[in-house]
Structures are given as C-alpha cells and as structure tokens.
Amino acid sequence: MKIRHLVHSCLLVEIAGRRLLVDPGGFSAEAVRGLDAELLSGLDAVLITHEHPDHLDRALLQEVLDRAGDAEVLAEPETAALLAEPAGDAAAVPAQRLLALAAGDVHELPAAPGEQAVRIEAVGGSHAVIHPDLPRVGNSGLVLSAGDGPRLGITGDSLEPVPQFRGIDVLAFAVVAPWSKIGETIDFLRAVGPVLALPVHEAIASDAGRPIFLRQATNLAPEGTEVRDWPTDGVIEIGAD
C-alpha cells in the first residue's frame, strides 16, 4: 500500500493494483492538478467522506472525473445527494458513476489482475459537533483493505472511536480542526490505538503552529502507536500490496 498526502485531508491511495483519491478539497486543488496525467487518468475511484469544501471541491472533482473516465465516486449519502445535482459550474455526477456509501456499507472494487479485491467500508456516520447551533452533516469514515494486507482507516471530520479503527494498521486522523481541541485528539488516539497514525487536516494551521499539534499528538499517543509525519515527498509505503 502506498499513501500520498496531497495537502490537508486529500490522499492518493494505491492498494492491490487500484488507485483511490480521497477527499479532493479546495486546499488540495493545486496538488491534485499537479499529479501525473497518466496517474490521474488511471484512478479507479474517488472517495468523499463528507460535503465540506475542504474535503470536496466540485470544480476539482469534475476535472478529475473528466480525466479519469472510468473512476466511480463513492460518497457519504448526504454528499452523494448533492453530487447528483449540478452546482455552479460543476455538472451533476452521472448516476452510473455515483454510489452513496453510508456507515455500515461495504463496497468492493473488482480484483485487478493478480491482486485481491479492494474492500471499502464506511464507518461512523456523523461529522463532529462544530457548535450546537449548527446542524451536523453526515461523515462516512473509511476502512480500506485488500485480503490480509494492511488496513487503512480514514476518519474524515470525526474523532469517534468506532470499533473498526481499534488497533488498525494505519490511521489518517485529523490532527487539528476548528471543531476539536488537542485533548480530544489524544483521547481518540488512546481509545483506538492504531499501529501507525498519520496526521491530516492540518492546512488550517500555520507553518509555525502545525508542529505544536503534531508534537503533542506524538508525545501523548498511547504505547504501541507511532505518530509519523509525512516525508518531504508526502509518500509513505506500508508493507507489500
């Protein structure tokens, strides 16, 4: 499994011969557009945890789908309903390319030659509380796996310690967010105890402030959890596909 961080919460995941783009939001537009054209055209799926613009940029998504003609879109149900309608300069995502993925749902991508099928499981279901006066939107966290290979969890905008994240091999977690405080983040990591924790959702932090959140998460993580920052190229490889 190869995971590439494309700014904020956007990830390019290569697993069992498949390529998945997760949460292509506004902060990530330049990085996504800068990907190799062949790589983009070979995407198998775009996964969207929820509707907020830092996780979903409609214009960017349309560009991606125009270039990746075979890619399907798997989105949290409220988000899928929005994508089924045009918005601004972005066209509706065609029904044959759009699948709503609610918490508890599992979708499998057919096995690539010589590989195992990729399993995509949605977990959780609700965005973290921003403020009691604001209605909560849906949020489908994700667990990606293929056969007995490493499992990757992606929280989206939630710190809910769902059972599927407990002891998971790799977890992309929101290290900083307007709706969280560092104590909640640490308690979440202690509750789920991933083997490897990768920080995302940090584009809202300044260059000077980001290390504070990362240092606290690293120093206070539970025993057995490694919090690892992204290397310069933003790519981390886990085991073998």
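Sequential numbering from 1 along the given sequence is applied to the chain's residues.
- Considering only heavy atoms from C-beta on, Leu171 stays 4.5 Å or farther from Leu196 through its side chain.
- For Glu30, the CD atom sits in a loose shell: 12 or fewer heavy atoms of surrounding residues, nucleotides or ligands are nearer than 6.0 Å.
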Walk me through whether Leu6 and Leu35 qualify under side-chain contact (heavy atoms from CB on, under 4.5 Å). CA-CA 9 Å; Leu6 295 170; Leu35 290 172; 3.9 Å; yes

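- When atom types are taken as modelled, the side chain of Gln62 and the backbone of Ala91 share a donor-acceptor pair closer than 3.5 angstrom.
- Note on Leu56 and Ile130: separate hydrophobic clusters, where clusters join Ile, Leu, Val, Met, Phe, Trp and Tyr whose side-chain heavy atoms are under 4.5 Å apart, directly or indirectly.
- Under a 3.5 Å cut-off, the side chain of Ser140 and the backbone N or O of Leu101 do form a donor-acceptor pair.
- One N or O on the side chain of Arg166 and one on the backbone of Ala191 form a donor-acceptor pair closer than 3.5 Å.
- The minimum heavy-atom distance between Pro194 and Leu189, with the atom names listed, is CD-O, 3.8 Å.
- Between Val123 and Ala103, the shortest heavy-atom contact is C-CB, 3.9 Å.
- The backbone N or O of Gly138 lies less than 3.5 Å from a partner atom in the side chain of Glu78, making a donor-acceptor pair.
- Using a distance-only test at 3.5 Å, with no hydrogens or angles considered, no donor-acceptor pair links the side chain of Asp44 to the main chain of Ala71.
- For Glu72 and His107, the side-chain atoms include at least one donor-acceptor pair closer than 3.5 Å.
- A salt bridge links Arg19 and Glu14; the closest N-O separation between the charged side-chain nitrogens and carboxylate oxygens is under 4.0 Å.
- The CZ atom of Arg190 lies 12.0 Å from the OG1 atom of Thr185; values are rounded to the nearest 0.5 Å.
- Cluster annotation: Val176 and Trp230 are assigned to distinct hydrophobic clusters (Ile/Leu/Val/Met/Phe/Trp/Tyr, side-chain heavy-atom contacts under 4.5 Å, transitive).
- Considering all non-hydrogen atoms of both residues, Glu85 and Arg58 come closest at O-NH2, 2.9 Å.
- More than 12 heavy atoms of other residues, nucleotides or ligands lie within 6.0 Å of CG in Asp66, so this atom counts as buried by the packing criterion.
- A continuous path of ILVMFWY side-chain contacts below 4.5 Å connects Phe27 to Trp179, so both sit in one hydrophobic cluster.
- The closest side-chain heavy-atom distance from Val227 to Leu214 is below 4.5 Å.
- In this structure, the side chain of Ser28 engages the main chain of Val7 through a donor-acceptor pair within 3.5 Å.
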Just do the side-chain contact (heavy atoms from CB on, under 4.5 Å) check on Leu47 and Leu144 with the steps written out, would you? CA-CA 11 Å; Leu47 314 181; Leu144 312 180; 3.9 Å; yes

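- Two residues are said to be in side-chain contact when any heavy atoms from C-beta on lie closer than 4.5 Å; Asn139 and Ser158 meet this criterion.
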Step by step, work out the salt bridge (charged side-chain N to carboxylate O under 4.0 Å, His left out) result for Arg210 and Asp229. CA-CA 11 Å; Arg210 180 184 183 276; Asp229 200 3; 2.7 Å; yes

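- Between atom CG of residue Leu198 and atom CG of residue Leu152 there is a gap of 7.5 Å, rounded to the nearest 0.5 Å.
- Listed for the Asp157 side chain is no donor-acceptor partner under 3.5 Å among the backbone atoms of Ala128.
- Applying side-chain contact (heavy atoms from CB on, under 4.5 Å) to Ile120 and the options Leu109, Asp105, Leu99, Val106 leaves one that passes, Leu109.
- At distances below 3.5 Å, at least one donor-acceptor pair connects side-chain atoms of Ser41 with backbone N or O atoms of Ala37.
- When each of His52, His55, His201 is checked for a side chain to side chain donor-acceptor pair (under 3.5 Å) with Asp23, only His55 meets the rule.
- In Asp36, the CG atom is crowded: over 12 heavy atoms of neighbouring residues, nucleotides or ligands sit closer than 6.0 Å.
- No more than 12 heavy-atom neighbours from other residues, nucleotides or ligands sit within 6.0 angstrom of CG on Asp148.
- In the hydrophobic cluster analysis, where Ile, Leu, Val, Met, Phe, Trp and Tyr join through side-chain heavy atoms closer than 4.5 angstrom, Ile15 is grouped together with Val200.
- Summarising the geometry of Ala102 relative to Pro77, their closest heavy-atom pair is CB-CG, 3.5 Å, with the distance given to 0.1 Å.
- Under the 4.5 Å side-chain criterion, counting only non-hydrogen atoms from C-beta, Leu65 is in contact with Val93.
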Starting from the C-alpha separation in whole Å, work towards a yes-or-no answer on side-chain contact (heavy atoms from CB on, under 4.5 Å) for Phe173 and Val192. CA-CA 11 Å; Phe173 74 103; Val192 297; over 6 Å; no

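- Distance check, rounded to the nearest 0.5 Å: NZ of Lys181 to CG of Asp187 gives 9.0 Å.
- Side-chain atoms of Arg151 do not come within 3.5 Å of backbone N or O of Phe165 as any donor-acceptor pair.
- Under the 4.5 Å side-chain criterion, counting only non-hydrogen atoms from C-beta, Arg4 is not in contact with Leu11.
- Of all heavy-atom pairs between Glu184 and Ser180, the closest is OE1-CA, 3.3 Å.
- When side chains are defined from C-beta on, Val195 does not count as touching Val170, because their heavy atoms never get closer than 4.5 Å.
- In the hydrophobic clustering of this structure, Val162 groups with Leu159; members are Ile, Leu, Val, Met, Phe, Trp, Tyr whose side-chain heavy atoms approach within less than 4.5 Å, directly or through other members.
- At least one side-chain heavy atom of Glu121 sits less than 4.5 Å from a side-chain heavy atom of Gln164.
- Across every non-hydrogen atom of Leu40 and Ala68, the tightest pair is O-CB, 3.2 Å.
- Atom CD of Glu38 is surrounded by 12 or fewer heavy atoms from other residues, nucleotides or ligands within 6.0 Å.
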If you apply the rule side-chain contact (heavy atoms from CB on, under 4.5 Å), what do you find for Asp54 with Ser9, and how did you get there? CA-CA 8 Å; Asp54 58 327; Ser9 289; 5.7 Å; no

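- Within the 3.5 Å criterion, the main-chain N or O of Thr79 finds a donor-acceptor partner in the side chain of Glu76.
- Residues Val32 and Leu60 meet the side-chain proximity criterion, which asks for heavy atoms closer than 4.5 Å.
- Interatomic distance, Gln116 CD to Glu108 CD, rounded to the nearest 0.5 Å: 10.0 Å.
- The side-chain contact (heavy atoms from CB on, under 4.5 Å) with Leu12 is formed by just one residue from the set Leu20, Leu39, Val22; it is Leu39.
- If you take OG on Ser206 and CD1 on Ile212, they are separated by 7.5 Å, rounding to the nearest 0.5 Å.
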